[in-house]
Amino acid sequence: MNNLRNLRGTVDLLPNQLIKWQNVEKIILEQLSRSSIKEIRTPILEMTELFIRGIGEGTDVVSKEMYTFLDRGERSCTLRPEGTASVARALIQNGISSNPLQKLWYMGPMFRYERPQAGRQRQFHQLGVEFIGYESVRSDVEIIALAWDILGKLGIQELNLEINTLGDINDRLNFQKSFVNWLEKNKNSLDLDSQNRINKNPLRILDSKNIQTKKILENAPRLFNFLSEKSLKRYSNLKKQLEVLNIPYLENQNLVRGLDYYTHTAFEITSGALGTQSTVCGGGRYDDLIKQMGGGNTPAIGFAIGLERLILLAGKELGVPRNTDIYIINQGLIAESLAINLSRKLRNYDLLVELDLSGASFSKQFKRANKLKSKSIIVIGDDEATNNVFKIRLFNEESFGNREETISFANDTKLENWLKTNLL
RNA sequence: GCGGGCGUCGCCAAGUGGUUAAGGCAGCGGCUUGUGGCGCCGCUAUUCGGGGGUUCGAAUCCCCUCGCUCGCCCCA
């Protein structure tokens, strides 16, 4: 056996799997286009510094999950672990001030160096959407609705939307001060991971899954109690509007999400069907990120959907391949070129045409046509080539046996009529 | 990074110390090089993830290693 293998945590997507991917992507793209959201493509490779500054040094993603290496010029490069930082960078670099309001999407591979498991790979794919320059609650609602609708268009059932608010920077700093204080006092009761986070990333302790820690946290100060009037108002407006749209949500005060840049709204969409990695969509508002990265004061909100997880959730019917409409059986030099020409003509009718290129025996070619469940076949051999005709017939159960029709290559009308009665 | 499970053909597998490593699916060839579904016949692992050891003898026992997988942490 071969010792040349793909890298751990990467996968080959084979033709039969890609049918489902392509269908899912098509549905997504249609919905994005209808929502007037424009595509942006940024490099997969960026300076390491971008993610450290954008995502935050204390985050798990940056501290232990990045695919980082030195290039030949000794520059530290990183394969992007997420898309928002790159988009922000691209906008700043290309001068967003000329158009501060933009709705953008991107789709592509992301990389995180973790142990693979169900629903988690080192190279995975995300669809990301970012609304840049929008501050209103309406934009929060629209972006959540968009994520919700994309999942809906794919026929995915039984999703849970969880929401929370993290307040603005001041709310957060006030809370953090008091929270860290409390944590220090109760340090010994916390699990080890949480103890280590006290100084690095205290907010993340909030959604610890350690049972003991969870219990102790019940008595900790709550972020919610540190929110300003304005932040609270914003949050209740969000909830009201979601209710108007009939989008069901659950409030989860422990939902803080992993990245430093979030402010106000944070949300997640999960599905029980995914097993332990249940999040299919995660997002939130990041009003300070672009300014922090050197741009102007630009509020923004976005989300990312994990495509692998989406594919797991999407129905089987999206993975069904399109049937061959016409299989062209051909043999002999002249027949070959006639066949190629005919296949081109037929494809103009948006038919799926499979041209046999093997030169194998007729019976072999028939068997292949049958294996592909082709709806019809065309036969061109020496006899036909000599007379400048081809034979065509349906190839299903009922038409078993010979009921061929002979059509001249010059007689396009007859061909078109046959197609119209039988295939189109 | 830490736990659990597993590694026999492209896929699913039998085999648990004794001459040639079942079988099924898929694939390829033939019966049938001008007409497909069925059937029949044949071919496809000197080798059991890799290395070392025990033994007269190992896919089967032991050690190491690699890989896959599920879970923890965390995320998509």
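Since the model is a prediction, treat every value here as computed from it, not as a measurement. Labels below follow one simple rule: chain letters A, B, ... track the order of the sequence lines, proteins then strands, and each chain is numbered from 1. Below, each value reflects all heavy atoms present in this structure, side chains not excepted, and no hydrogens, waters or symmetry copies.
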> What parts of residues 55-69 of chain A reach RNA chain B, counting only heavy atoms under 4.0 Å away?
Replying inline: A/Asp60, A/Lys64, A/Glu65
Show which side-chain atoms of residues 49-66 of chain A pair as donor or acceptor with protein atoms under 3.5 Å away, not counting sequence neighbours.
residue, atom, partner, partner atom, Å
A/Thr59, OG1, A/Gly56, O, 2.7
A/Thr59, OG1, A/Val62, N, 3.3
A/Ser63, OG, A/Thr59, O, 2.9

> With both distances under 3.5 angstrom, what nucleotide forms a Watson-Crick or G-U wobble pair with B/rG23?
Replying inline: B/rC12
>> Under 4.0 Å, heavy atoms only, any strand: does A/Glu114 hit a base, just the sugar-phosphate, or nothing?
In response: base
> According to the ring-ring contact (aromatic ring centres under 6.0 Å, His included) rule, which pairs have a member within residues 125-163 of chain A, sequence neighbours left out?
Replying inline: A/Trp21-A/His125, A/Phe131-A/Tyr134
>> Enumerate the side-chain hydrogen bond (donor to acceptor under 3.5 Å, both in side chains) contacts for residues 175-187 of chain A, please, sequence neighbours excluded, ordered by first and then second residue.
In response: none
> For A/Tyr349, which residues count as a side-chain contact (heavy atoms from CB on, under 4.5 Å) partner, sequence neighbours excluded?
Replying inline: A/Leu351, A/Glu416, A/Leu419, A/Leu424
> Counting only distance, no hydrogens or angles, is the base of B/rG34 paired donor-acceptor with the side chain of A/Glu404 under 3.5 Å?
Replying inline: no
> Residues in side-chain contact (heavy atoms from CB on, under 4.5 Å) with A/Ser408, at least two apart?
Replying inline: A/Val389, A/Ala410, A/Asn411
> Does anything in residues 115-132 of chain A reach RNA chain B, meaning a heavy atom under 4.0 Å, and if so which residues?
Replying inline: A/Arg115, A/Gln117, A/Ala118, A/Gly119, A/Arg120, A/Gln121, A/Phe124, A/Gln126
Report, one line per pair, each donor and acceptor closer than 3.5 Å where one atom sits in a side chain of residues 264-275 of chain A; sequence neighbours left out.
residue, atom, partner, partner atom, Å
A/Thr265, OG1, A/Asp140, OD2, 2.5
A/Glu268, OE1, A/Thr279, OG1, 3.2
A/Glu268, OE2, A/Arg257, NH1, 2.6
A/Ser271, OG, A/Ala273, N, 3.0

Just the atom pairs and distances: protein N or O near nucleotides 25-29 of chain B's N or O, under 3.5 Å.
residue, atom, partner, partner atom, Å
B/rG27, OP1, A/Lys371, NZ, 3.3

> Can you give one letter per nucleotide of nucleotides 38-43 of chain B, 5' to 3': B if a protein heavy atom sits under 4.0 Å from the base, S if only from the sugar-phosphate, - if neither?
Replying inline: ------
> Under the side-chain contact (heavy atoms from CB on, under 4.5 Å) test, which residues partner A/Asp383, sequence neighbours left out?
Replying inline: none
>> Could you tell me the Watson-Crick or G-U partner of B/rC73, where both distances fall under 3.5 Å? Say none if there is no partner.
In response: none
> Excluding sequence neighbours, so at least two apart, what forms ring pair (Phe, Tyr, Trp, His ring centres under 6.0 Å) with A/Phe366?
Replying inline: none
